[in-house]
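Below is one structure; the comments refer to it alone.
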Amino acid sequence: MRSIEWDETKKVVRMIDQRCLPQRLEMVECVDYHEVANAIRDMVIRGAPAIGVAGAMGMALAAIHSKYNDWEGFRRYLDEADKVLRASRPTAVNLFWALNRIQTILQRPIEDIEKLKKLILAEALRIAEEDIAINYQISLFGSELIQNGDVILHHCNTGALATVDWGTALGCIRMAHQQGKHIHVLVDETRPRLQGARLTAWELEQYGISYEIIVDGAAGYFLRTGKVQKVFFGADRIAANGDVANKIGTYMLALAAHSNGVPVYCAAPISTVDLSIPAGESIPIEERSADEVLDIQYKGENVVPKGAKARNPAFDVTPHFLLTAIITEKGVVYPPFEENLRQILS
Ligand SMILES: CSC[C@H]1O[C@H](OP(=O)(O)O)[C@H](O)[C@@H]1O
């Protein structure tokens, strides 16, 4: 089942409401770009490639439902939609990469508004279909790095829910499973939004892949006691030197893996590489509401003291020297990342 799709009959964008999983599988329908931007901001839909496709489909909604018959008015309306969608979340470069692809359509010397509407929708649908094919290719390359019997530690959610379908890092695990390899996954719960415990666990149930959920802080224990053969995670933005911005907790996980000699694999489409950013320090890190950290219930009661404060950076940066390789749809990239990323993107 796709995390997001265009409904041509109703001319709406339909997406799985990932806030309800695994208890309920509910769909949300967005009728305009504001609703798409809110869905991205509220993590109805999340995951770098998935929010890129959501942004593109949000622009398609703006174009299709625009009331403007004059080029200037139409262009102003689409620029406003682009601005609102760009402001929804700052870290995943896929959002901006997808919106830039729509802008490329708008830069064409076409003043036939109806023709432009069709071209914008076609480009959004193309980005969605490409995403599935890209993830499948990433998964084929990544599955070759997984051996029968491996215990793999996975962080956050990088599966079909984080993309249009199939997945990136979790796609590699899924592919290896389909190839008949026996794999056990240690699923980092991934506080505070629990993408691992809720979403990755739900996906692994669907695929029939063996797993156990662990608290994020337990990763070091399993790595140090030799229980883990590989670490896999995704990316929201990769700097030109190979530094990876990914879900908070990735850095500590990579540190523990590296210090225990466990290979660390990042899986991401090349659209996640941002060559305009030389190193990870320049990647914008989203700080989300403290409530996501403080809202901890136990036996129906909130457990933190009244008036408690919290910090909630949603991502961190893993320096490239902690990575064994970056798995892309063009192949597995090994160090030196700066040189080899540029080569694979050229
Ligand atoms: C396949 S990329 C998924 C990537 O996005 C997640 O962040 P969020 O759940 O906040 O959108 C996380 O960083 C994953 O690695």
Side-chain angles (χ1 to χ4, degrees), residues 1-7 12-58 61 84-85 87-92 94-95 128 131 154-165 167-170 187-207 211 213 215-216 233-234 236 246-250 286-298 300-304 310-315:
M1 172 183 277
R2 294 186 175 199
S3 66
I4 182 171
E5 60 188 4
W6 174 264
D7 182 322
V12 299
V13 177
R14 188 180 300 113
M15 55 183 78
I16 294 174
D17 187 340
Q18 299 190 31
R19 300 171 301 181
C20 304
L21 287 173
Q23 285 78 7
R24 301 179 314 282
L25 180 58
E26 292 185 7
M27 309 304 286
V28 164
E29 287 188 354
C30 297
V31 298
D32 68 33
Y33 70 87
H34 288 288
E35 290 184 359
V36 172
N38 290 339
I40 293 170
R41 183 177 304 107
D42 298 343
M43 296 176 70
V44 169
I45 187 165
R46 34 67 47 201
I51 65 178
V53 171
M57 288 191 178
L61 279 175
V84 166
L85 288 161
S88 56
R89 289 187 79 185
T91 303
N94 310 63
L95 173 62
D131 181 64
H154 177 276
H155 195 65
C156 197
N157 173 257
T158 64
L161 290 169
T163 60
V164 176
D165 199 347
T168 55
L170 201 64
V187 175
D188 263 354
E189 63 175 354
T190 317
R191 284 267 304 147
R193 294 298 295 260
L194 302 175
Q195 289 92 325
R198 293 187 303 110
L199 307 178
T200 297
W202 183 77
E203 286 200 48
L204 292 172
E205 290 284 353
Q206 314 291 316
Y207 310 145
Y211 74 94
I213 297 169
V215 295
D216 300 329
F233 48 73
D236 291 81
N246 194 55
K247 184 51 49 194
I248 193 77
T250 304
E286 177 184 14
E287 177 106 22
R288 294 185 64 87
S289 161
D291 290 345
E292 292 182 352
V293 175
L294 298 170
D295 183 16
I296 308 172
Q297 311 286 328
Y298 185 70
E301 285 190 287
N302 214 11
V303 297
V304 300
R311 293 294 302 276
N312 186 17
F315 301 96

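Heavy atoms only: backbone and side chains are in, while hydrogens, waters and symmetry mates are out. Positions are given from 1 along the sequence.
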Can you list everything that forms a side-chain hydrogen bond (donor to acceptor under 3.5 Å, both in side chains) with N246? Sequence neighbours excluded, please. T250
Salt bridge (charged side-chain N to carboxylate O under 4.0 Å, His left out) filter on E287, not counting sequence neighbours, yields R311
Below 4.5 Å, heavy atoms only, C-beta onward: do L61 and V31 meet side chain to side chain? no
Contacts of R19 that satisfy salt bridge (charged side-chain N to carboxylate O under 4.0 Å, His left out) - sequence neighbours left out: D17
Can you list every ring pair (Phe, Tyr, Trp, His ring centres under 6.0 Å) pair that touches residues 15-58, not counting sequence neighbours? Y33-Y77
Does the side chain to side chain donor-acceptor pair (under 3.5 Å) test come out yes or no for R46 and N157, once each step is laid out? CA-CA 9 Å; R46 34 67 47 201; N157 173 257; 2.8 Å; yes
Non-neighbouring partners of R89 that pass side-chain hydrogen bond (donor to acceptor under 3.5 Å, both in side chains), sequence neighbours left out: E286
Above 12 or not: heavy atoms from other molecules or residues under 6.0 Å from CD of E301? no
Is a side-chain donor or acceptor of D131 paired with a backbone partner of V164 at a separation under 3.5 angstrom? yes
Ignoring hydrogens and angles, tell me if any N or O in the side chain of H155 forms a donor-acceptor pair with the backbone of I248 under 3.5 Å. yes
Looking only at atom types and distance, does a side-chain atom of T190 sit under 3.5 Å from a main-chain N or O of C156, one as donor and one as acceptor? yes
Taking D165's backbone N and O only, do any of them form a donor-acceptor pair with R2's side chain (distance below 3.5 Å, no angle check)? no
Rounded distance [0.5 Å steps], CE in M57 versus CG in L85: 13.0 Å
Determine whether a donor-acceptor pair (N or O, by modelled atom type, separation under 3.5 Å) exists between the side chain of S88 and the backbone of R41. no
Under 3.5 Å: donor-acceptor pair, side chain of D7, backbone of V12: no
Taking only residues two or more places apart in sequence, or in another chain, which ones meet E292 in a salt bridge (charged side-chain N to carboxylate O under 4.0 Å, His left out)? R193, R288
Tell me, with the steps shown, if L170 and L204 meet side chain to side chain contact (heavy atoms under 4.5 Å, CB included). CA-CA 9 Å; L170 201 64; L204 292 172; 4.0 Å; yes
Answer yes when D216 and R191 have at least one side-chain N-carboxylate O distance shorter than 4.0 Å, and no when they do not. no
Would I4 and V13 satisfy side chain to side chain contact (heavy atoms under 4.5 Å, CB included), going step by step from the backbone distance to the final call? CA-CA 7 Å; I4 182 171; V13 177; 3.7 Å; yes
Rounded to the nearest 0.5 Å, what separation is found between the OG1 atom of T158 and the CG atom of D236? 10.5 Å
Determine whether H154 and F233 make a side-chain contact, defined as any pair of heavy atoms from C-beta on separated by less than 4.5 Å. no
Quick one: does E26's side chain have a donor or acceptor within less than 3.5 Å of a partner on C20's backbone? no
